[in-house]
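Everything quoted here is computed from the prediction, not taken from an experiment. Labels below follow one simple rule: chain letters A, B, ... track the order of the sequence lines, proteins then strands, and each chain is numbered from 1.
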2 protein chains.
Amino acid sequence: MDIAFVLYDGFTALDLIGPYEVLAGPPGATPHFVAADRDTVVCDSGLPVRPTTTFAELTRPDIVVVPGSSQWRTALERTELTSWLAAVHPTTTWTASVCTGSTLLAKAGVLTGRPATTHWAARDALAELGAQVSTDRVVVDGDVITGAGVSAGIDMALQLAAQLWGEDSAKLIQLALEYDPQPPFDAGSPEKAGPELTAAIREGVLPA
Amino acid sequence: MDIAFVLYDGFTALDLIGPYEVLAGPPGATPHFVAADRDTVVCDSGLPVRPTTTFAELTRPDIVVVPGSSQWRTALERTELTSWLAAVHPTTTWTASVCTGSTLLAKAGVLTGRPATTHWAARDALAELGAQVSTDRVVVDGDVITGAGVSAGIDMALQLAAQLWGEDSAKLIQLALEYDPQPPFDAGSPEKAGPELTAAIREGVLPA
C-alpha cells in the first residue's frame, strides 16, 4: 500500500507527521514523501525534509495525505501540486487532508459540492473553493477524509487506520503512540479559547 | 532562545515534531536540528531529515528536546549523543524529553534520583537507569520536563510553552494548532486498552 505524504515548501510539519506516525508503521504500508522534485523542502517553521520521490514518478498512490500550511494562500498557486492531486485522486483508495490541506484538494476539484473540514480560520476560504464546509474535527465522505487544524491529523489518521486495517489495529496504534491526550489548557477551539485569543490568531498575532 | 531538537537515526518523528510545532513558532524561538554530523538522519518509519547543526557546533542551547525511538535500547549506545546531553544540560534553561528520550537523559546522568516519565512500555528500563519513574503524562522537576509516549510530547511542550512565555501564549499556540483532541477510540493507555492489546505491544506485534 503506497501512501503518499505530500511535501511542498511552507507545509506545516505536524499536519504531516501526525498522520505519518499513525499510518506508516504497519508492515503493509509503504510511505513516500513526494514533492515536485527531489530538492529539500522546508516546512513553515524551518524543518528541512528530503523528498523520497516526485510527482512525476508516483502516479498511482493508494493513499494521499495532504498537509496544510500557514502560507496556504500561496500554496494554492502551486499548480504542479494541485494538478497532481487532480490526476491521482481518481485512482486512490483514500484521499486525505489535514488543516488547510483541504483548500488544496478543493482547488484541485476534489471537494466540489462535498462535505469537508479545515482549520477553523480557513472555513470561509474552503467554502469559496466549492466545498460544503463542516466544523467537525474529522469528516469522511466516500473516499475522502479531511481533518481540522494541525493536531486533528492524528484523529483523522486513526479513523483512516480503522477503515484500512480494522478497529483493533487502530487501537493498537493508539496505544503504541500513547495517545491519551491531556492538554494542560482547554483552548483548542475558538469556542473554548474565547473571542480575544481567536481574534489574535485571525490578526496574525504570534505567541510570545 | 536556541532550541535544540535532537536527531539520531531511528528517532520517532512525532516525538520530535509535536514539541517542535508547539515551540518553534514564537518570534523569540530559534529551532536547531542537531545531530552528531550533518548527514541526513532517518527516523524509525523512514522520514529523512537534514540536521541544521552538529553537537560540536551547538554547545550552549537554551532548551534541549530529546525524542525517543522504537529502537531506544540501541540508541542508549550512542555515546556521542549521551555525552553531548551530559555536557549541555548544566547550562540549559530547560532539558526536555518525549517517550523513551528520557532513557537517553537518564543514561547521560541527568535523571539520577529525579522524577521522570517515559513511554509506558519503558518504565522498568527507566527505573533501572536511575530515575524515579512516574506514570504521569508530563513530569516537571526543576529544569527538567519529561513526557510519556510519542503523542505526549504535545502536552509536554504546551506546559513548557506556558513556563517560557506564559499561559496566554500557550493557549494561543493551542488554538493555532486546533489542539482539541477527539480520539476516535479510548485506547491510549494500557489501562484503557486492556491486557490483550498491551501484551501485543510488549511482544512487538505490529498493527495490521
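Between chain B and the options A:V22, A:V150, A:I154, heavy-atom pairs under 4.5 Å are most frequent for A:V150. The most heavy-atom pairs under 4.5 Å with chain A, out of B:C99, B:P184, B:A29, B:A152, come from B:P184. With chain B as partner, the option from A:M156, A:E167, A:Q182, A:E196 having the largest number of non-hydrogen pairs under 4.5 angstrom is A:Q182. Looking only at heavy-atom pairs under 4.5 Å with chain B, the residue among A:A121, A:A24, A:S70, A:P183 that has the most is A:P183. Here A:P181 is the residue among A:A193, A:P181, A:A148 with the most heavy-atom pairs under 4.5 Å with chain B.
Distance alone, capped at 3.5 Å, places no donor-acceptor pair between the A:W120 side chain and the B:A176 backbone.
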Sequence neighbours excluded and cut-off under 3.5 Å, please list the side-chain donor-acceptor pairs for residues 157-164 of chain A, or say none.
none

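Close approach to chain B, defined as a heavy atom under 4.5 Å from one of its heavy atoms, is seen in A:A13, A:L14, A:I17, A:G18, A:Y20, A:E21 of residues 13-21 of chain A, taken by number. Of residues 30-52 of chain B, those residues lying under 4.5 Å from chain A by any heavy-atom pair are B:P31, B:F33, B:T40, B:C43, B:D44, B:S45, B:G46, B:L47, B:P48, B:V49, B:R50, B:T52.
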Show your working on side chain to side chain contact (heavy atoms under 4.5 Å, CB included) between B:T12 and A:L177 and close with a plain yes or no. CA-CA 10 Å; B:T12 298; A:L177 303 186; 5.7 Å; no
Take B:K171 and A:L197 through the side chain to side chain contact (heavy atoms under 4.5 Å, CB included) test and state the conclusion after the steps. CA-CA 8 Å; B:K171 289 177 181 175; A:L197 294 181; 3.7 Å; yes
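The salt bridge (charged side-chain N to carboxylate O under 4.0 Å, His left out) search around A:D136 returns none, not counting sequence neighbours.
The heavy-atom pair separating A:L175 from B:G188 by the smallest distance is CD1-C, 4.1 Å. Minimum heavy-atom separation, A:E178 to B:R123: OE2-NH2, 4.2 Å.
A salt bridge does not link A:D180 with B:R137: none of the charged nitrogens is closer than 4.0 Å to a carboxylate oxygen.
The CZ atom of A:F185 lies 9.0 Å from the CG atom of B:D168; values are rounded to the nearest 0.5 Å.
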